[in-house]
Amino acid sequence: MTRPTQRWDAGRYDEKHGFVWQYGGSLVELLDPKPGERILDLGCGTGHLTARIAAAGAIVVGLDHSAEMLEQARSAYPQLQFIQADARDFTFAEPFDAVFSNAVLHWVRPPEAVIRRVRDALRPGGRFTAELGGRGNVRRIEAAMHAAAERLHIHLSGPQWYFPGVAEYASLLEAEGLEVRYATLFDRPTPLDGEKGLRDWVLMFGRATVDGIPAERREDFLTAVEDAARPDLYRDGGWFADYRRLRVNAVQMP
């Protein structure tokens, strides 16, 4: 069966979900870009972290599969280079000193295909610095979506996210010749914007799921998701996403 394709509303992404790239600021610190380094921002989205890396003096290329995201990135940062490509199938004539990726790789399967592309894009000794959803990420949101579907007798399809644990992902990296120097899995409960924060999250990051529900039943579905999630994810007057993140730093072995 063909996996539903996630479509992106770039304007809504920046307006309602800026936390995704804002939390990536500390990942840029882990990357520690240096002036003159060639760096690939893999899954650059709307380009905010690409620009932050460039501000450190690096020569950075942003790559994303979404034309909508790239249109916004090019509009905001016309001085930077952005290209459209699949994270599982890209090549560059000149190697990079580093590949950086924030909040992207849990969307891409199989993970081995991405890792091979990263390996081939790096010079010997180059580094791969990434953060993605880790094991248990948005477990309660997913449970609420399935509970809502069951309550309404709706067949639920949607993005099959890839949320690995430390050992699993480190093994994949090392099998492809990337030596893991740092890896950690941690909780990051993330506040969502406004009273409609949870449904906005589902409409953005579960869009492939929502698109598969008959239009006349989508409002009922979103309300049922809120009802199911409220005991766990609504507190102090607002919604939270139960994020868990996996952060890694690895080096291409000569």
Side-chain angles (χ1 to χ4, degrees), residues 1-8 20 24 27 30-31 38-45 49-50 53 60-67 69-70 82-139 142 157-186 205-209 243-254:
M1 184 173 67
T2 302
R3 183 163 56 95
T5 300
Q6 174 72 17
R7 297 183 296 118
W8 294 100
V20 175
L27 189 66
L30 180 63
L31 173 68
R38 275 179 49 82
I39 297 178
L40 175 65
D41 184 0
L42 182 60
C44 62
L49 294 178
T50 320
I53 294 167
V60 61
V61 177
L63 181 153
D64 205 280
H65 191 257
S66 167
M69 291 288 199
L70 290 173
F82 296 99
I83 65 171
Q84 186 175 12
D86 190 316
R88 299 163 295 188
D89 185 22
F90 66 88
T91 58
F92 289 89
E94 186 179 349
F96 290 91
D97 297 292
V99 175
F100 171 90
S101 185
N102 178 63
V104 173
L105 299 182
H106 48 262
W107 291 101
V108 189
R109 287 177 178 269
E112 295 90 342
V114 182
I115 293 168
R116 283 192 289 270
R117 294 298 94 209
V118 169
R119 176 201 63 199
D120 292 346
L122 287 169
R123 64 165 176 78
R127 61 201 186 279
F128 176 45
T129 302
E131 183 178 299
L132 63 155
R135 182 168 295 160
N137 189 57
V138 297
R139 180 178 292 157
E142 282 199 273
S157 61
Q160 301 297 310
W161 293 302
Y162 171 63
F163 297 141
V166 170
E168 177 185 349
Y169 202 65
S171 294
L172 293 179
L173 291 170
E174 297 204 335
E176 298 297 341
L178 294 168
E179 183 178 76
V180 176
R181 300 289 179 86
Y182 171 84
T184 184
L185 176 67
F186 59 97
F205 300 109
R207 186 168 176 175
T209 297
Y243 276 3
R244 303 189 84 212
R245 312 312 274 178
L246 174 62
R247 182 172 285 196
V248 299
N249 201 25
V251 173
Q252 161 72 294
M253 296 305 293

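Within the 4.5 Å cutoff, no side-chain heavy atoms of V61 are placed close to those of D41. Between V60 and L40 there is no side-chain heavy-atom pair separated by less than 4.5 Å. At a threshold of 4.5 Å between non-hydrogen side-chain atoms, the residues L105 and Y162 do not count as touching. Within the 4.5 Å cutoff, the side chain of L30 has heavy atoms near those of the Y182 side chain. Residues V99 and L122 are in side-chain contact: their nearest non-hydrogen atoms beyond the backbone lie under 4.5 Å apart. You'll find the side chain of T184 stays beyond 4.5 Å of the side chain of L246, heavy atoms only.
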*Is there a side chain to side chain contact (heavy atoms under 4.5 Å, CB included) between V251 and L178 once you walk through the steps?*
CA-CA 5 Å; V251 173; L178 294 168; over 6 Å; no

_Audit row: V248, V166, side chain to side chain contact (heavy atoms under 4.5 Å, CB included) steps and yes/no_ = CA-CA 9 Å; V248 299; V166 170; over 6 Å; no

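Rounding to the nearest 0.5 Å places CZ of R116 at 10.0 Å from CG of L172. Once rounded to the nearest 0.5 Å, the distance linking CZ of F100 with CD1 of I53 reads 4.5 Å. The distance from atom CG of L31 to atom OG of S101, rounded to the nearest 0.5 Å, is 11.0 Å. N102 CG to L49 CG: the interatomic distance, rounded to the nearest 0.5 Å, is 5.5 Å. Taking CD1 from I83 and CZ from F90, the interatomic distance works out to 8.5 Å, rounded to the nearest 0.5 Å. Atom CG in L132 sits 8.5 Å away from atom CZ in F163 (nearest 0.5 Å).
With hydrogens and angles disregarded, a donor-acceptor distance shorter than 3.5 Å links the side chain of R244 to the backbone of R135. A distance-only check finds a donor-acceptor pair linking the side chain of D64 to the backbone of C44 [under 3.5 Å]. The main-chain N or O of W161 is found under 3.5 Å from a side-chain atom of R109 such that the two form a donor-acceptor pair. No donor-acceptor distance shorter than 3.5 angstrom exists from the side chain of E179 to the backbone of Q252, with no hydrogens or angles considered.
For the residue pair P124 and P254, the shortest heavy atom distance occurs at CB-CA, 4.0 Å. When all heavy atoms of E174 and V180 are compared, the closest pair comes out as OE2-N, 3.1 Å.
For F82, the ring-ring contact (aromatic ring centres under 6.0 Å, His included) test picks out no residue, with sequence neighbours left out. Looking at residues two or more places apart in sequence or on another chain, you find a ring-ring contact (aromatic ring centres under 6.0 Å, His included) between F96 and F92.
Counting only residues at least two apart or in different chains, side chain to side chain donor-acceptor pair (under 3.5 Å) contacts with residues 119-129 comprise E37-R127, D97-R123, R117-D120, R119-E176, T129-N249.
Cation-pi contact between R245 and Y243: present, with separation from the ring centre below 6.0 Å and deviation from the ring axis of at most 45°.
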